[in-house]
Amino acid sequence: MMKAIPCAALFLLSACATVSVVSRDAVVETGAGAEDSALSQSAAAFTETAKTEGWVSEQRSLMDFANILFGGDSEQTDRSGASYAERIQAAETDATEVFTRVRDDAEQAAQAFEGVQMLASETLRSGDVARADLISFETALVTAQKSYRSFAEATGIAAEQGSDGLEETEATLKDFATAIDKARGSADDLAEIYANGQAEAAAQS
């Protein structure tokens, strides 16, 4: 009944290969003055959707921790730090319901992320990769990886309670993992084209 956990673990071991060739300073320097490309807009929209839908969680604020430590009501603190599994109450809800929720969310995430990947493919074919394109796509890729981990964690928790719907959920997660694997290759290609373009520009200056 715990098949989802090993599957997730194997994926996570291979999910961190992409390393940005763009410096952190470059991220800061990427301003809003230039009009964002379709790829940048789509990637940013995916990342925002993942946060809005609760597929990825943000760190709790220091005020929340202080509130709890000094006797504050934890129910009144910011719940943004709750994990996806906590948000959908994977440990308390009927396993079948959890699997259905995870499948629906994973399918939505995969469909949205595949749209970002299509635009990345178009950018690769054009051979013109802007810094903002690379940054935004890599950010979306990291967000997709985190979303996958959230779904896999919730699936593993639910699998401890039952297995009705587990096989279908694992198949959905596998499809999402495949899309992420393909995107990692695209991220590497985008980074290479960008780096080559920078090197050529430097040589000509």
Practice prompt. Using the side chain to side chain contact (heavy atoms under 4.5 Å, CB included) rule, take Ser37 and Thr123 through it: C-alpha gap first, then chi angles, then the decisive distance, then the call.
Written response: CA-CA 10 Å; Ser37 67; Thr123 301; 5.9 Å; no
Discussion item. Checking Tyr84 against Val56 for the side chain to side chain contact (heavy atoms under 4.5 Å, CB included) test, could you report, in this order, the C-alpha distance in whole Å, the side-chain angles of both residues, the deciding distance, and whether it holds?
Written reply: CA-CA 7 Å; Tyr84 172 79; Val56 295; over 6 Å; no
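Shown here for Ala144 and Ile180, the closest heavy-atom pair between the two residues is O-CD1, 3.5 Å. Minimum heavy-atom separation, Ser40 to Asp133: OG-OD1, 3.1 Å. Here the closest heavy-atom approach between residue Phe46 and residue Val116 is recorded as CB-CG2, 4.0 Å. Ala95 approaches Gly162 most closely through the heavy-atom pair CB-N, 3.9 Å. Residues Leu134 and Ala187 approach most closely at CD1-O, 4.1 Å, considering heavy atoms. In terms of heavy atoms, Leu173 sits closest to Tyr148 at O-CE1, 3.3 Å.
A donor-acceptor contact under 3.5 angstrom links the side chains of Arg103 and Thr169, judged on distance only. Neither side chain, Glu170 nor Thr155, offers a donor N or O lying under 3.5 Å from an acceptor on the other. Of the N and O atoms on the side chains of Gln117 and Ser121, at least one donor lies less than 3.5 Å from an acceptor on the other residue.
The side-chain heavy atoms of Gln108 and Asp104, taken from C-beta on, include no pair separated by under 4.5 Å. For the pair Trp55 and Thr49, the minimum side-chain heavy-atom distance is below 4.5 Å. Looking only at side-chain heavy atoms (C-beta outward), Ile88 and Thr93 stay at 4.5 Å or farther from each other. Side-chain contact between Phe113 and Leu141 is present, with heavy atoms from C-beta onward closer than 4.5 Å.
Ionic pairing of Asp188 and Arg184 is not present here: no N-O contact between side-chain nitrogen and carboxylate oxygen is shorter than 4.0 angstrom.
The hydrophobic clustering, which links ILVMFWY residues whose side-chain heavy atoms are closer than 4.5 Å, places Leu39 and Val142 apart.
Panel note: side chain Ser163, backbone Leu166; no donor-acceptor pair is recorded below 3.5 Å.
Counting heavy-atom neighbours within 6.0 Å of Glu107 CD, excluding the residue itself, gives a total above 12. With a 6.0 Å radius and a threshold of 12 heavy atoms from other residues, nucleotides or ligands, Asp164 has its CG atom at or below the threshold.
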